[in-house]
Each structure stands twice: as structure tokens, then as C-alpha cells.
Amino acid sequence: PWEKVAEYCRKDKVVAASKEILSDYFQNKAELNGGISKLVHAAEARDVAVGVISGLGDEASELLMNKLQLSSTGAKLLVVKDLEKGYPRADSWLKAAKQISRAPRNCIVVTSCQTACKSALNAGMRCIVVTDEYTSHQDFSGADLVLDNWEEMSAKDILDALMPDA
């Protein structure tokens, strides 16, 4: 019996099963958060470039971008390959800024987790945090805005507060 358990738990089988589950989710069930959608469209209306960072790999990231209709907004995707040193790191944000042709100080990162917030701040970017049930207890000191939910502030008000000239 243990041989069957060991066979079932082989890394390649677990990875393949995980990819299949994610692919199904991305193609059939994933939905863009309404607040993020409004912010992306408000940014687009102001001719503000939008970049997306993903650690999911090329195929899964493309599936998700297409399902969430972010590709059609002109959002640029950066897939981070080296996840062993942590994700996302400041250099990931800097690559994303370069990809959308913006100086880091002119970039706003939207996240829900402390790690992404701190690495964005370390890259010299501004940061909006919208906490969730898993991250509401984390330390987001340094963030420009910390919201408990997307209803707390409109996309227009967020952009007006952080990008008054845009």
C-alpha cells in the first residue's frame, strides 16, 4: 500500500494534477474582482499603463489574462520565472515598470499581501492594499492606501488621490 501512496505523491504527478486543476479554474470559473476591473478601466480611460505580474507560469498566466479579459485592456503581463528567492521581489516590480515604460515612482501596485507591498515599496513604487480574510492582520506600513474592501473608495478617487496629474 505504501508504494501506491509514494507513486501517487510523486512530484511530477502532483504538478501535473495541479496544472490541470488551475487550468480548469482559469478557463471556467475565474472572475476578475469588480474593484480591480473598475480600477483597470479607470486607468485605461486616463491613458495610464497597466502591468500584471504573475508567478503562475506562461500558460496559466495567459489563460488567466484572457479569461479575465485583461489582455483586451492593453495590460502588459510579466511572468516571473525564478520563484525560489521569493515572489514578488523588488526586481520583479522594476522589470514590470520597464515593460510598461514607466519610472518606478510613477507606478502604483495593487495587492492584498504584505510581501508584495513591501517589495513594491522597496522598488520605489506606490502601493494600494486591499486586504482580504487572509491578510487583514498583516503590517502594511508604508502603503499609500490600505482598504478593507473595494467599496471603501471608488476607482476614480483612488486614481485622483495617487495620480492627481493623470
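Count residues from 1 along the sequence.
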### Query
Do the side chains of Asn33 and Ser37 get nearer than 4.5 Å, heavy atoms only?
no
**Q.** Asn122 side chain to Lys118 backbone, donor-acceptor under 3.5 Å
**A.** yes
Shortest non-hydrogen pair, Asp47 vs Arg102, comes out as O-NH2, 3.9 Å
Measuring only between side-chain heavy atoms, which start at C-beta, is Leu56 closer than 4.5 Å to Leu64?
yes
- prompt: Under 3.5 Å, is there a donor-acceptor pair between the side chain of Arg126 and the main chain of Arg105?
  reply: no
For atom CD of Gln69, decide whether the heavy atoms of other residues, nucleotides or ligands shown that lie under 6.0 angstrom number more than 12. no
Correct closest heavy-atom pair for Leu70 and Thr73 would be O-OG1, 2.6 Å
Here the pair of heavy atoms bringing Gly57 nearest to Val79 is C-CG1, 3.6 Å
- Keeping the roles fixed (side chain from Glu44, backbone from Gly74), state whether a donor-acceptor pair exists under 3.5 Å. no
Are any of the side-chain nitrogens in Asp91 or Lys98 under 4.0 Å away from the carboxylate oxygens of its partner? no
TODO: Please answer whether the main-chain N or O of Asp24 pairs with a side-chain N or O of Asn28 as donor and acceptor at a distance below 3.5 Å.
DONE: yes
Pairing donors with acceptors under 3.5 angstrom, does anything connect the side chains of Thr135 and Asp132? yes
For residues 48-64, the side-chain hydrogen bond (donor to acceptor under 3.5 Å, both in side chains) pairs (sequence neighbours left out) are Ser54-Ser61, Asp58-Lys81
Between Leu77 and Gln99 the two heavy atoms that sit nearest each other are O-NE2, 2.9 Å
Rounded to the nearest 0.5 angstrom, the CG-CZ distance for Leu94 and Arg89 is 10.5 Å
Here the gap from Ile100 atom CD1 to Cys107 atom SG, rounded to the nearest 0.5 Å, amounts to 4.5 Å
Hey, any chance Leu145 and Val129 share a hydrophobic cluster, counting ILVMFWY side chains that come within less than 4.5 Å of each other, even indirectly? no
Shortest non-hydrogen pair, Ala90 vs Ala123, comes out as O-CB, 3.7 Å
Thr131 vs Val146 side-chain heavy atoms within contact, under 4.5 Å: yes
Rounded to the nearest 0.5 Å, the CG atom of Leu147 sits from the CD1 atom of Ile158 at a distance of 5.5 Å
### Query
Do the side chains of Met153 and Val130 get nearer than 4.5 Å, heavy atoms only?
no
Would Met125 end up clustered with Val80 when hydrophobic side chains under 4.5 Å apart are linked, directly or stepwise? yes
Between Cys117 and Thr111 the two heavy atoms that sit nearest each other are N-CG2, 3.9 Å
Taken to the nearest 0.5 Å, the spacing of Lys67 NZ from Lys29 NZ works out to 10.5 Å
- Query: Does a side-chain heavy-atom distance below 4.5 Å link Arg46 with His41?
  - Reply: no
Would you say CG of Asn149 has more than 12 non-hydrogen atoms from neighbouring residues, nucleotides or ligands within 6.0 angstrom? yes
So for atom NZ, which belongs to Lys95, do other residues, nucleotides or ligands contribute more than 12 heavy atoms lying within a distance under 6.0 Å? no
Inset, instruction - Would you check if there is a donor-acceptor pair between the side chains of Lys76 and Ser101 at a distance under 3.5 Å? - result: no
Q | Whether Asp144 side chain and Ile128 backbone form a donor-acceptor pair below 3.5 Å | A | no
So CD1 of Ile36 and CG of Leu32: to nearest 0.5 Å the spacing works out to 6.0 Å
TODO: Could you tell me whether the side chain of Pro88 reaches within less than 4.5 Å of the side chain of Trp93, counting heavy atoms only?
DONE: yes
So CG of Leu121 and SG of Cys127: to nearest 0.5 Å the spacing works out to 5.5 Å
- Looking only at atom types and distance, does a side-chain atom of Gln114 sit under 3.5 Å from a main-chain N or O of Phe140, one as donor and one as acceptor? no
